[in-house]
Amino acid sequence: MADTQYILPNDIGVSSLDCREAFRLLSPTERLYAYHLSRAAWYGGLAVLLQTSPEAPYIYALLSRLFRAQDPDQLRQHALAEGLTEEEYQAFLVYAAGVYSNMGNYKSFGDTKFVPNLPKEKLERVILGSEAAQQHPEEVRGLWQTCGELMFSLEPRLRHLGLGKEGITTYFSGNCTMEDAKLAQDFLDSQNLSAYNTRLFKEVDGEGKPYYEVRLASVLGSEPSLDSEVTSKLKSYEFRGSPFQVTRGDYAPILQKVVEQLEKAKAYAANSHQGQMLAQYIESFTQGSIEAHKRGSRFWIQDKGPIVESYIGFIESYRDPFGSRGEFEGFVAVVNKAMSAKFERLVASAEQLLKELPWPPTFEKDKFLTPDFTSLDVLTFAGSGIPAGINIPNYDDLRQTEGFKNVSLGNVLAVAYATQREKLTFLEEDDKDLYILWKGPSFDVQVGLHELLGHGSGKLFVQDEKGAFNFDQETVINPETGEQLLFQIQSWYRSGETWDSKFSTIASSYEECRAESVGLYLCLHPQVLEIFGFEGADAEDVIYVNWLNMVRAGLLALEFYTPEAFNWRQAHMQARFVILRVLLEAGEGLVTITPTTGSDGRPDARVRLDRSKIRSVGKPALERFLRRLQVLKSTGDVAGGRALYEGYATVTDAPPECFLTLRDTVLLRKESRKLIVQPNTRLEGSDVQLLEYEASAAGLIRSFSERFPEDGPELEEILTQLATADARFWKGPSEAPSGQA
């Protein structure tokens, strides 16, 4: 049996997203709009397989062929006849559901590989004796031969996503190192090209000289096209002695299907903002233009309060080891009006609440651009995982000057974060009932503050391409003193530089930490709790459970730290560990972690938060930390930011906490992240039907088997052809490039 870190347990939690009532309330036109946007999202989400691991597209194609020929119940009879036990077959179903849910064979939350929890030779018998293999023997055998070994392999470099010796990634060819990634980022900055929709491929000539291909995601490839802002960039360059070639056409046949559905959605757009937004997205995916996606995002920001909300593109950079390339995602959701009303009240109070944050007004945007903030019931979320809330777009220039939108995904919160008492770890018994009672409401508050006033606050000091500054160099002083005197601003963002490109590998986690800290800090404000309907003792309980949940999350985060590589595999969890460290450092018994022995005789631990000291000890510590985070971010002080953040993120076994020992305890008692079953929509004549599935691994598999009824085999062929075309870049994927520590 594989190490439990690398398997999904048979009893993993599985929940279904409930959006029946939200869908029922849509008009026929709104349903058609949502249907075509959902189709676009699901098609685009397949690109994530190509963004994850070399074998992921083949595994997906193999599983899809198996379950199209025999549904999980039918395949079960064959598997038992081949000698599998019920437990082994369930393990296979859980593995398949995990691949579909994560869009690959690495966990979206933690970037750890997971493998089937059954003997390889038994799975081989099931696959090669299946109905799919009877129908298409060469194809099924070929898929198994291509991905079978890698499906099970836990060679050290293959255990996690990463760059160089740190892991595997398909954002970069297998021979790329962190030095290559830095060089490529500098090249992209020099040409004012975004990394969001790119991958980097390195080849070495006979003399050992490297040359690089920067490939943009687009429908169009090398064929001639009408002049666009991208066309002039498609050429060869010499940069710091290395040849670069900018090309396009990555994921072309997949993006072609995305574009076709977006074209159809335009016919059902509710207003001109939506129509222009879709036109720009089509331009972006066709040409490979991030600038067009930015224009589409501007129209999206202006589309206030739509009934059907959506966003699509290369969005979050968490899984790029360098932190600049966006994973494809697309979502379609329906507004929950009751919860949205609370968020609207929070937005109305935002300008006042921003003044409560612990940095001077000069470090805040010149004007708060009032955003949309809605609670949504998700109909479709395609990508590697579903978050609880989103603050987008991620483009710094738009966020600073034109605004953003916040969404809280209500039906996701309702199922993904529900907690059973018997599965609650690391809490004192007298905290558990209170935690279960108030975790949901406190999380609503935290998500609202995190997205709106966390990600939505703060100013970046920028010098544009004409040399003009968006701050006064002579009068703005840095309030971060430490033991020093106040001093004038010494660093800022030059033209072409972004938060992600400057802070690269720590950018995502640092920003999540800043947003989480804002949520903790502002939840202490009575006005915030009143907005959400909490006063008196209830308000105090919400505060306590919100802080307690963060402290516990900081301990649970140790699951996502890799001691062998001294690195973190998940941005949000690293952020929560950093906050735990800050609160522990505050001292005075605010937070304590006590090793214990559980009732099963195995190591355990308890975290305790002294609620009487949250305001007197916790708040001042968080205030100092938040101020430092914001100043270093605003000024683009990468060296200072890294020193601060990486200092708190360091994991050692030094007393009193002994975090490495605690990590072993966390791994011993960890609970796997739930799998989420999503519905499908189907067009029958001019009516759109909602298809729902049971909350089980088999139900999740059925949802994917019915997701592409018209072109499933074609899509599998496309995925394997695209993967094969680039397979040479990862030949011998367990061989790490030389020269990378």
Side-chain angles (χ1 to χ4, degrees), residues 2-9 12-13 52-53 98 101-102 104-115 154 156-163 166-169 316-323 327 384-388 416-417 423 425-426 450 505-517 549-584 593 605 607 645-653 657-675:
D3 186 320
T4 56
Q5 286 187 71
Y6 305 108
I7 60 169
L8 302 178
I12 191 170
T52 300
S53 70
S101 187
N102 292 278
N105 56 329
Y106 287 76
K107 297 175 188 175
S108 65
F109 205 82
D111 296 342
T112 302
K113 188 174 187 177
F114 57 95
V115 300
L154 285 173
R157 191 189 172 207
L158 303 184
R159 293 174 184 171
H160 307 289
L161 297 180
L163 193 54
E166 304 299 332
I168 194 75
T169 177
E316 301 293 354
S317 58
Y318 301 125
R319 298 183 92 192
D320 169 14
F322 191 71
E327 183 174 84
S384 66
I386 312 178
Y417 298 92
K423 291 189 175 183
T425 53
F426 307 125
H450 173 117
T505 53
I506 67 165
S508 292
S509 183
Y510 188 113
E511 174 58 12
E512 291 304 326
C513 186
R514 197 181 67 88
E516 291 281 46
S517 299
N549 186 49
M550 189 64 69
V551 168
R552 176 175 179 262
L555 179 60
L556 295 176
L558 287 167
E559 175 191 344
F560 301 95
Y561 179 75
T562 306
E564 300 82 5
F566 305 101
N567 69 11
W568 286 88
R569 305 187 311 275
Q570 216 292 323
H572 296 79
M573 299 310 284
Q574 180 183 9
R576 291 161 188 166
F577 176 77
V578 166
I579 292 171
L580 171 61
R581 288 284 311 277
V582 169
L583 297 180
L584 282 165
I593 304 174
V607 294
Y645 198 69
E646 291 175 347
Y648 278 113
T650 299
V651 180
T652 72
D653 222 21
E657 287 81 23
C658 305
F659 284 120
L660 287 176
T661 300
L662 280 173
R663 178 179 178 273
D664 293 336
T665 304
V666 169
L667 289 174
L668 186 68
R669 299 190 176 277
K670 74 184 180 73
E671 182 182 359
S672 293
R673 196 170 174 84
K674 284 183 182 178
L675 303 179

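It should be emphasised that the depicted structure is a prediction, and the values quoted were computed from it without experimental measurement. The first residue in the sequence is number 1, and the count goes up from there. Heavy-atom basis, side chains included; hydrogens, waters and symmetry copies ignored.
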### Full working for side chain to side chain contact (heavy atoms under 4.5 Å, CB included) between Arg319 and Thr52
CA-CA 8 Å; Arg319 298 183 92 192; Thr52 300; 3.8 Å; yes

inquiry  = Quick one, His160 with Glu166, criterion side chain to side chain contact (heavy atoms under 4.5 Å, CB included). Give me CA distance, side-chain angles, the key distance, then yes/no.
reply    = CA-CA 7 Å; His160 307 289; Glu166 304 299 332; over 6 Å; no

* To do: In sequence, state the C-alpha distance, the side-chain angles, and the governing distance for Val551 and Leu555, and then conclude on side chain to side chain contact (heavy atoms under 4.5 Å, CB included).
  => CA-CA 7 Å; Val551 168; Leu555 179 60; over 6 Å; no

Would Thr112 and Tyr106 satisfy side chain to side chain contact (heavy atoms under 4.5 Å, CB included), going step by step from the backbone distance to the final call?
CA-CA 5 Å; Thr112 302; Tyr106 287 76; 6.0 Å; no

Exercise for the section: Please assess Ser384 against Glu327 for the test side chain to side chain donor-acceptor pair (under 3.5 Å), listing each intermediate value before the final yes or no. Expected result: CA-CA 8 Å; Ser384 66; Glu327 183 174 84; 2.6 Å; yes

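Phe426 pairs by the ring pair (Phe, Tyr, Trp, His ring centres under 6.0 Å) definition with nothing, not counting sequence neighbours. Under the ring pair (Phe, Tyr, Trp, His ring centres under 6.0 Å) criterion, Phe560 pairs with Phe109, not counting sequence neighbours.
Using a 4.5 Å heavy-atom cutoff, the side chains of Ile7 and Val115 are in contact. For the pair Thr425/Lys670, no side-chain contact is recorded, criterion being any heavy-atom separation below 4.5 Å from C-beta on. When side chains are defined from C-beta on, His450 counts as touching Glu512, because their heavy atoms get closer than 4.5 Å. Between Trp568 and Val578 the shortest side-chain heavy-atom distance does not fall below 4.5 Å. Under the 4.5 Å side-chain criterion, counting only non-hydrogen atoms from C-beta, Arg552 is in contact with Leu556. Proximity of Gln5 to Leu667: side-chain heavy atoms (C-beta onward) are separated by under 4.5 Å at one or more points. Counting heavy atoms from C-beta outward, Leu161 and Pro321 have side chains that stay 4.5 Å or more apart. When side chains are defined from C-beta on, Phe566 does not count as touching Val651, because their heavy atoms never get closer than 4.5 Å.
Side-chain N/O atoms of Ser53 and Asn105 include a donor and acceptor closer than 3.5 Å.
Taken from CD1 in Ile168 to CZ in Arg157, the straight-line distance is 4.5 Å, to the nearest 0.5 Å. We find the CG-CG distance between Leu8 and Leu675 to be 6.5 Å, quoted to the nearest 0.5 Å. For the atom pair Leu580 CG and Glu657 CD, the distance stands at 7.5 Å (nearest 0.5 Å). The line from CG of Leu583 to OG of Ser517 is 8.0 Å long, rounded to the nearest 0.5 Å. Between the CD1 atom of Ile12 and the OG atom of Ser101 there is a distance of 8.0 Å, given to the nearest 0.5 Å. Atom CZ of Arg159 and atom CG of Leu154 lie 6.0 Å apart (nearest 0.5 Å).
The two residues Ser509 and Ala571 come nearest to each other via the heavy atoms OG-O, 3.0 Å. Of all non-hydrogen atoms in Met573 and Ala553, the two that sit nearest each other are CE-O, 3.6 Å. Pairing each heavy atom of Ala649 with each of Phe577, the nearest pair is O-CE2, 4.0 Å. Scanning all heavy atoms of the two residues, the minimum distance from Phe114 to Gly104 falls at CZ-O, 3.3 Å. Scanning all heavy atoms of the two residues, the minimum distance from Gly323 to Ser317 falls at O-OG, 3.3 Å.
For the pair Gln570 (side chain) and His572 (backbone), a donor-acceptor distance under 3.5 Å is present. A donor-acceptor distance shorter than 3.5 angstrom exists from the side chain of Asp653 to the backbone of Leu660, with no hydrogens or angles considered. The closest donor-acceptor contact from the side chain of Arg581 to the backbone of Tyr648 lies under 3.5 Å. The main-chain N or O of Met550 is never found under 3.5 Å from a side-chain atom of Arg576 such that the two would form a donor-acceptor pair.
Pairs passing the side-chain hydrogen bond (donor to acceptor under 3.5 Å, both in side chains) check and including a residue from residues 554-563, sequence neighbours excluded, read Thr562-Arg569.
For Tyr510 and Tyr645, the gap between ring centers is short of 6.0 Å.
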